[in-house]
K.L.:
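Here's a structure for you.
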Amino acid sequence: MTKRPKVKKQLRNLHPEADHLYTELEGSRPDKYGFLRCGDGGRPYAGFRVMPEQLRRTVPLADGLFRAAEGLGDDSGVERDREKRLFLKLLGERVEFGLWQGLRRTPHVPMPKEKETEARKRQLSLKVDRDVAAALYAVPTFDYLPSPEFTLQLQPLRQNGTCVRRTWKDAPDKPLELQLGEIALGLAKYAAKARELRLERAARERERAAQEARQAELKRQQAAEQARRSQLERDAEAWHRAELVRRYVAAVETEAPSGQGAIDPESELGRWLAWARQHADRIDPGLQVLALKLSGGGETVQ
């Protein structure tokens, strides 16, 4: 394992999050390239990737970045979420960011043993499948080595299919340490742009919600109107049945045997006539609507 230099004792008056960052990086396990990593989450703009010997430079750079963010004023600085991931907070806008060293790709120069491997692979490929030979005797085409240049990148802003990026890199005559003033100005501009995009997204979301609400209300009104029409047609059919029952009852009463005078209400026919008229009233929706209007309830819509 790569030996890690003890540099923390040489760093003084660090921002608390810069001090915490040192602890995270110093305690992480180097990856296959020798980098110390923390908080990247698989996204290149959301974490740190540095060689152990660059801790002396990385932590003060992060310290300067955090203080530049705090210098923007209220609701600005650096914070962590519930998963302890580190964010910049720029004028209230939470922003992911990354600070890392690059990787240089160079053509791989085969070592003597690898040249022997290549020879075996060529011989084997004549006898078996080439893919099998390549898998058994794999020799890399390129080497990836850490480069000393640092990159600072903020979370890309996406708008209408385009991607707005804000990145600073080491220059031969101007390392990131000498760009902190420009970075502070860039943070302010980035925060303003991020807020603009957030407000635009919020406005679009409100308009979308309002449009959905209008469509839902229109559908509700259409459904209510359709239900009202259907109910009217059912009421008309029920009224027609009630009138038919009344005419039938009247015909029965008229055709009752003559010479008996008025029909006795307590007779079997009298009781039947009363029951039949009550049934006609029960199925007559017109009487129900009239009763509701007389009681002050207005029109019903079912």
Side-chain angles (χ1 to χ4, degrees), residues 2 4-26 28 30 33-40 43-80 85-91 93-106 144-157 163-195:
T2 304
R4 302 171 187 169
K6 300 298 182 179
V7 300
K8 189 174 184 180
K9 63 182 181 180
Q10 303 173 20
L11 303 173
R12 296 289 186 270
N13 301 319
L14 290 174
H15 187 285
E17 285 296 350
D19 188 78
H20 189 184
L21 174 64
Y22 171 83
T23 301
E24 286 186 289
L25 287 170
E26 199 275 337
S28 65
Y33 301 110
F35 286 121
L36 304 178
R37 293 173 176 264
C38 74
D40 61 358
R43 298 180 299 280
Y45 55 80
F48 293 82
R49 185 184 72 190
V50 298
M51 296 297 290
E53 59 269 21
Q54 293 291 349
L55 279 175
R56 185 193 303 271
R57 183 184 180 202
T58 303
V59 176
L61 262 177
D63 180 83
L65 175 64
F66 299 159
R67 295 183 189 279
E70 289 182 342
L72 295 180
D74 294 338
D75 212 9
S76 297
V78 59
E79 67 178 20
R80 292 179 181 267
R85 294 177 301 177
L86 196 61
F87 293 85
L88 293 178
K89 195 169 186 183
L90 309 177
L91 302 178
E93 303 297 322
R94 178 183 283 184
V95 178
E96 290 183 300
F97 69 100
L99 178 65
W100 69 88
Q101 284 181 258
L103 275 175
R104 287 179 176 174
R105 191 180 77 169
T106 59
Y144 295 87
L145 301 175
S147 65
E149 291 81 14
F150 272 61
T151 297
L152 169 64
Q153 182 177 339
L154 303 183
Q155 174 184 346
L157 298 174
C163 185
V164 180
R165 299 182 182 275
R166 197 69 183 93
T167 304
W168 296 269
K169 295 184 177 183
D170 278 333
D173 59 341
K174 200 170 186 180
L176 286 178
E177 288 86 345
L178 298 182
Q179 300 180 46
L180 285 176
E182 300 172 11
I183 291 173
L185 180 60
L187 294 179
K189 293 181 178 179
Y190 178 96
K193 186 65 175 178
R195 176 175 295 176

K.L.:
Between Y33 and R49, is the side-chain contact (heavy atoms from CB on, under 4.5 Å) condition met? List the steps.
P.N.:
CA-CA 10 Å; Y33 301 110; R49 185 184 72 190; over 6 Å; no
K.L.:
Yes or no on side-chain contact (heavy atoms from CB on, under 4.5 Å) for L21 and E17, after CA distance, side-chain angles and deciding distance?
P.N.:
CA-CA 6 Å; L21 174 64; E17 285 296 350; over 6 Å; no
K.L.:
Verify side-chain contact (heavy atoms from CB on, under 4.5 Å) between L154 and L187, making sure each step is shown before the conclusion.
P.N.:
CA-CA 9 Å; L154 303 183; L187 294 179; 3.8 Å; yes
K.L.:
Looking only at non-hydrogen atoms, find the nearest pair between C38 and L25 and report the distance.
P.N.:
SG-CD2, 3.7 Å
K.L.:
Check E93 against A191 and note the closest heavy-atom contact, atom names and distance.
P.N.:
CG-O, 4.0 Å
K.L.:
Check whether any side-chain heavy atom of Y22 lies under 4.5 Å from a side-chain heavy atom of T58, and answer yes or no.
P.N.:
no
K.L.:
How close do S76 and A69 get, counting heavy atoms only, and between which atoms?
P.N.:
CB-O, 3.2 Å
K.L.:
So, do F97 and R166 sit near enough that their side-chain heavy atoms are less than 4.5 Å apart?
P.N.:
no
K.L.:
Under a 4.5 Å cut-off applied to non-hydrogen side-chain atoms, are H15 and E70 in contact?
P.N.:
yes
K.L.:
Might you point out which heavy atoms bring L72 and A188 nearest each other, and give the distance in Å?
P.N.:
CD2-CB, 3.7 Å
K.L.:
Whether R104 and E149 form a salt bridge (side-chain N of Lys/Arg under 4.0 Å from carboxylate O of Asp/Glu) is what I want to check.
P.N.:
yes
K.L.:
Take L86 and F66 through the side-chain contact (heavy atoms from CB on, under 4.5 Å) test and state the conclusion after the steps.
P.N.:
CA-CA 11 Å; L86 196 61; F66 299 159; 3.6 Å; yes
K.L.:
Just so I know, are the side chains of Q54 and P146 near enough to count as touching, which here means a heavy-atom distance under 4.5 Å?
P.N.:
no
K.L.:
Can you tell me how far the CG atom of L176 sits from the NZ atom of K174, to the nearest 0.5 Å?
P.N.:
10.5 Å
K.L.:
Side-chain contact, heavy-atom cut-off 4.5 Å: L88 with L65?
P.N.:
yes
K.L.:
Can you confirm if the aromatic rings of F35 and F48 lie within a centre distance of less than 6.0 Å?
P.N.:
no
K.L.:
Do E24 and R80 sit within salt-bridge range, that is, some charged N less than 4.0 Å from a carboxylate O?
P.N.:
yes
K.L.:
Enter the distance from R85:CZ to R94:CZ here, rounded to the nearest 0.5 Å.
P.N.:
8.0 Å
K.L.:
Closest approach of Y190 and L157, non-hydrogen atoms and distance?
P.N.:
OH-CD2, 3.4 Å
K.L.:
CG of D75 to CG of L90: how many Å apart, nearest 0.5 Å?
P.N.:
10.0 Å
K.L.:
Can you check whether Q153 reaches W100 side chain to side chain, under 4.5 Å on heavy atoms?
P.N.:
yes
K.L.:
Answer whether the closest heavy-atom distance between the side chains of S147 and L103 falls below 4.5 Å.
P.N.:
no
K.L.:
Report the distance from atom CG of L61 to atom CD of Q179, rounding to the nearest 0.5 Å.
P.N.:
10.0 Å
K.L.:
Could you pull out the closest heavy-atom pair between L36 and S28, with the gap in Å?
P.N.:
CB-OG, 3.5 Å
K.L.:
To the nearest 0.5 Å, what is the distance between OG1 on T167 and CG on L152?
P.N.:
8.0 Å
K.L.:
First locate atom NZ of K189, then atom CD of E182, and finally report the distance between them rounded to the nearest 0.5 Å.
P.N.:
10.0 Å
K.L.:
Hey, does the side chain of T151 reach the backbone of K169 with a donor-acceptor pair shorter than 3.5 angstrom?
P.N.:
no
